[in-house]
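What you see is a predicted model, and the numbers here were worked out from it, not measured in a lab. Residue numbering restarts at 1 for every chain, and letters A, B, ... go by the order of the sequence lines.
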Amino acid sequence: MIKSAKKLLGTDMTTTRFAPSPTGYLHIGGLRTALYSYLWARKNSGRFLLRIEDTDLKRNSLEAAKAIEEAFKWVGMTHDDEVIYQSQRFDLYKKYITKLLDEGKAYYCYASKEELDVMREAQQAKKERPRYDRRYRDFRGTPPEDVNPVVRIKAPIDEKIEFEDGIKGSMSFNSDDILDDFIIARSDGVPTYNFVVAIDDSLMGLTDVIRGDDHLSNTPKQIVVYEALGFDIPKFYHVPMILNPNGKKLSKRDGAMDVMEYKNMGYLPEAVLNYLIRLGWSHGDQEIFSFTEMLEHFDPTNINKSASAYNPEKLDWLNAHYIKNASVERIIEELKFFDLHIHGHDRKELIVDSLRERAKTIKEFATMAKTIIDEPTSYDEKAVKKFLNEEAIEILQQYVDFIKNYDDVMHLPSGFEHATKLFMEQNELKMKQLAQPIRIAMVGSAVSPSVYDVLSIIGRDDVIKRIEKLIRIHHV
RNA sequence: GGCCCGUUCGUCUAACGGUUAGGACUCUGGCCUCUCACGCCGGCAAUAGGGGUUCGAAUCCCCUACGGGUCACCA
């Protein structure tokens, strides 16, 4: 007698899993259910397992697993044990098929595909639900020689199948409404999804199955398998799906499906996680959750029952929040991915701190930093037209001359502030008259962080160079 | 079509059967200000509809409408 792993181990350690079919990348919705499973396992000091559902054998599941692990790594999630590939467990599944056959809980069905098609059409013509008519359930005759039979499970007839879903509540199905003697092994011997899922979930010792609610109506079928095999039935949580901003099903047209695309767009993993955990789940009014807070507060029981729409603005807001609060070192590290290397810059703190409240993504951050660090190659036309009249050029000229003869140290923003204020005082100028022309000279446009910060980042020598360059160009 | 699930501001959500139905994002008015942001103060905006039950319903029950899922030798 084979028993479930849970029974063998004699443990009730919380065990959850993420069981994607191999698509080549980790889907953003998949990450959410994975996160829920992960948090629930870790919160209860349990195990979080990864299984690839590749009974179909069409795609490269090794690549797929690698892509998922890469995404897990990016967001800081880890799974326990080795990855399980269903494609490598066919022998195991076969043992259970034989077992059910031997016990009379499953049987060979010799109906051909054509035969079944005819039957189905007849049913549909009569507006009946298409279903297998169990013609071979109690077959005792001589089987036809030329067909490879499928194996079907003897499903209960006119019975209620009930379970308590951790999210949706009490579920009750009538077996006749939703299932027939469904196939557990195809004519080529390959077992089917609902059969192997139940076996694996059981053998892997799953206590809590957290998955998309598109599986809700598969659950009764799996329960039939659990019961035929004498396995313990885990607790199910069916989490509603994610919709696009228009409330429709999420599809590739809606933008980033692959979790790693979020990295490419400059999102911080903690922002993505924070966004996802709050999408369909809440803890009072709290919006910001650190990893430890997620662990502390998450409970699948208060996941919402209804689908939620994906809202990119809120993700941006969260990302901005995490950028504002990240350490300087962290941001410098993240910027490397966008080809900006400022760890050796002697004004790196200033660069980071002057931009962190302005960037919604790390990518934007890098772009903004580059406009300050790199000498402008062009000047924004509108800004030039608006702010660079003859008088402004004159002021800039005086400003350069002043700086050249200004002897006090001024590499800090405060140094530039003292110098500039003195200059304004001497020439009876207002900051408004000076700031925009300086910005244009420094970054080529009328938008930048505080001019003192910008001047300090660029440094006295380059400040002079950039102003003189602008004046020169202006006179041409 | 059968079965199942769902429905609170545009969006994410809160609310022991008793709240002026709260918060967040977006949008928006103002303040701050060297620009842009950030920040701060304020504003717009919701219980799908109809019946019950109850002293009292967003909350419980029924019906309707509208969304969605699922009904394979896919997973």
Sugar-phosphate only, base, or nothing, as touched by [X] at under 4.0 Å among non-hydrogen atoms:
X      : answer
A/S450 : base
A/P245 : nothing
A/E287 : base
A/S21  : sugar-phosphate
A/N218 : base

Options [options], nucleotide nearest the side-chain atoms of [X]:
X      : options             : result
A/D214 : B/G69, B/U35, B/G39 : B/G69
A/V447 : B/U13, B/U35, B/A24 : B/U35
A/K249 : B/U11, B/G69, B/C73 : B/G69
A/W317 : B/G69, B/C25, B/C12 : B/C25
A/R439 : B/C34, B/C73, B/U26 : B/C34
A/K314 : B/A75, B/C34, B/C12 : B/C12

Hey, does the side chain of [X] come within less than 4.0 Å of [N]'s phosphate (OP1/OP2), counting only N and O?
X      : N     : result
A/S217 : B/C71 : no
A/K432 : B/U35 : yes
A/N302 : B/U13 : no
A/S282 : B/A14 : yes

Pick the nucleotide of RNA chain B nearest each of A/Y310 and A/H283; which residue has the one closer to the 5' end? A/Y310
Integer-rounded Å distance: [N] [atom2] and [X] [atom1]:
X      : N     : atom1 : atom2 : value
A/N274 : B/C12 : CG    : C1'   : 12 Å
A/K248 : B/C66 : NZ    : P     : 13 Å
A/N246 : B/G68 : CG    : P     : 12 Å
A/N319 : B/A24 : CG    : P     : 20 Å
A/F90  : B/A75 : CZ    : P     : 9 Å
A/L396 : B/C34 : CG    : C1'   : 14 Å
A/E357 : B/C32 : CD    : C1'   : 13 Å
A/Q433 : B/U35 : CD    : P     : 13 Å

Do other residues, nucleotides or ligands put more than 12 heavy atoms under 6.0 Å from A/H321 NE2?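 Counting other residues, nucleotides and ligands, NE2 of A/H321 exceeds 12 neighbours.
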Taking atom OH as the centre, does A/Y406 end up with more than 12 heavy-atom neighbours from other residues, nucleotides or ligands that are less than 6.0 angstrom away?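 Enclosed.
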Can you see whether A/Y107 has A/R152 sitting over its ring - NZ or CZ less than 6.0 Å from the centre and within 45° of the normal?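 No, a cation-pi geometry is absent between A/R152 and A/Y107.
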Out of curiosity, A/S456 OG to A/L412 CG, how far, rounded to the nearest 0.5 Å? 6.0 Å
Spacing of CZ belonging to A/R330 relative to CG belonging to A/N325, to within rounding of 0.5 Å: 11.5 Å
Between the base of [N] and the side chain of [X], is there a donor-acceptor distance below 3.5 Å?
X      : N     : value
A/Q286 : B/G23 : no
A/R358 : B/C36 : yes
A/S308 : B/C12 : no
A/S187 : B/C73 : yes
A/R131 : B/C71 : no

Say whether, by atom type as modelled, one donor and one acceptor occur between the side chain of A/T361 and the main chain of A/G266 under 3.5 angstrom.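 The answer is no, because no donor-acceptor pair under 3.5 Å joins these two groups.
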Does A/T420 use its side chain to pair, donor to acceptor, with the backbone of A/F416 at less than 3.5 Å?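 Here the side-chain-to-backbone pair exists.
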With salt bridge (charged side-chain N to carboxylate O under 4.0 Å, His left out) as the rule and sequence neighbours excluded, what pairs involving residues 378-389 of chain A come up?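 Matches after skipping sequence neighbours: none remain.
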List every contact pair, protein side and nucleotides 4-6 of chain B side both N or O, where the distance is under 3.5 Å.
residue: B/C5; atom: O2'; partner: A/K168; partner atom: NZ; Å: 2.9

So A/P376 and A/V443, do their side chains get closer than 4.5 Å, heavy atoms only? no
